Enquirer: 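Can you read through this structure? Questions will come right after.
Count residues from 1 along the sequence. Note: hydrogens, waters and symmetry copies are ignored here, and every other heavy atom, side chains too, is used. All figures in this text were calculated on a predicted structure; none of them were measured in a lab.
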Amino acid sequence: QSVGLTDEVGLDFACKAFQLMDLDGSGDVDCDEFFAFVQISKQMPKIQKSILKFFDFVDTNNNGSMTVSEFDSARSYLGLPPLPEEDH
């Protein structure tokens with residue numbers, strides 16, 4: 001709030017962005033994590049179509065969300081192993 005984020009949408013966005021940047025789940029964002037996030041963010045407009053295409057590929061029942069099962073099916077189709085149980 002001290003930086004002007006007082007609305008719920010802005011605060012929610014800031015929290016989600018922080019969680020995305022905190023790659024190791026430590027509760028802190030170090031310089032490397034922040035740099036990685038910035039690099040990825042700069043590329044988003046260029047890769048948005050590919051991301052949406054991938055989402056549509058995985059969302060086989062076209063309900064607008066991906067389940068772990070759908071993700072594992074897509075991985076299998078691509079010749080990759082399913083996600084480890086601890087990632088479910």
Enquirer: With a 4.5 Å cut-off on side-chain heavy-atom distances among I, L, V, M, F, W and Y, is there a chain of contacts connecting I47 to I40?
Expert: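 Same cluster: I47 reaches I40 through Ile, Leu, Val, Met, Phe, Trp or Tyr contacts under 4.5 Å.
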Enquirer: Tell me whether the count of non-hydrogen atoms from other residues, nucleotides or ligands lying under 6.0 Å of CD in Q39 goes above 12.
Expert: yes
Enquirer: Do V38 and L20 share a hydrophobic cluster, counting only Ile, Leu, Val, Met, Phe, Trp and Tyr and linking them when any side-chain heavy atoms are less than 4.5 Å apart?
Expert: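 The answer is yes; both residues are in one hydrophobic cluster.
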Enquirer: For atom CZ of F55, decide whether the heavy atoms of other residues, nucleotides or ligands shown that lie under 6.0 angstrom number more than 12.
Expert: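 More than 12 within 6.0 Å, yes.
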Enquirer: Quick one: pull up OG in S73 and OH in Y77 and give me the separation to the nearest 0.5 Å.
Expert: 12.5 Å
Enquirer: Ignoring hydrogens and angles, tell me if any N or O in the side chain of R75 forms a donor-acceptor pair with the backbone of L80 under 3.5 Å.
Expert: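 It does not hold such a pair.
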Enquirer: Supply the atom-to-atom distance T67 OG1 to D59 CG, rounded to the nearest 0.5 angstrom.
Expert: 8.0 Å
Enquirer: Any chance you could measure F18, atom CZ, to E33, atom CD, to the nearest 0.5 Å?
Expert: 8.0 Å
Enquirer: Rounded to the nearest 0.5 Å, how far apart are CG of N62 and CD of E70?
Expert: 8.5 Å
Enquirer: Have S26 and D24 got a donor and an acceptor in their side chains that come within less than 3.5 Å?
Expert: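 On atom types as modelled, these side chains qualify, holding a pair under 3.5 Å.
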Enquirer: Evaluate the criterion side-chain contact (heavy atoms from CB on, under 4.5 Å) for residue pair F57 and L78; output intermediate values, then yes/no.
Expert: CA-CA 11 Å; F57 170 71; L78 296 170; 4.3 Å; yes
Enquirer: Does any N or O in the side chain of D28 come within less than 3.5 Å of the main-chain N or O of D22, such that one atom is a donor and the other an acceptor?
Expert: no
Enquirer: Would you say S41's side chain and F37's backbone share a donor-acceptor pair under 3.5 angstrom?
Expert: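 Yes.
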Enquirer: Please find the pair of heavy atoms, one from P82 and one from D72, that lie closest to each other, and give the distance.
Expert: CA-OD1, 3.5 Å
Enquirer: Measure the spacing between OG of S69 and CG of L83 and express it to the nearest 0.5 Å.
Expert: 11.0 Å
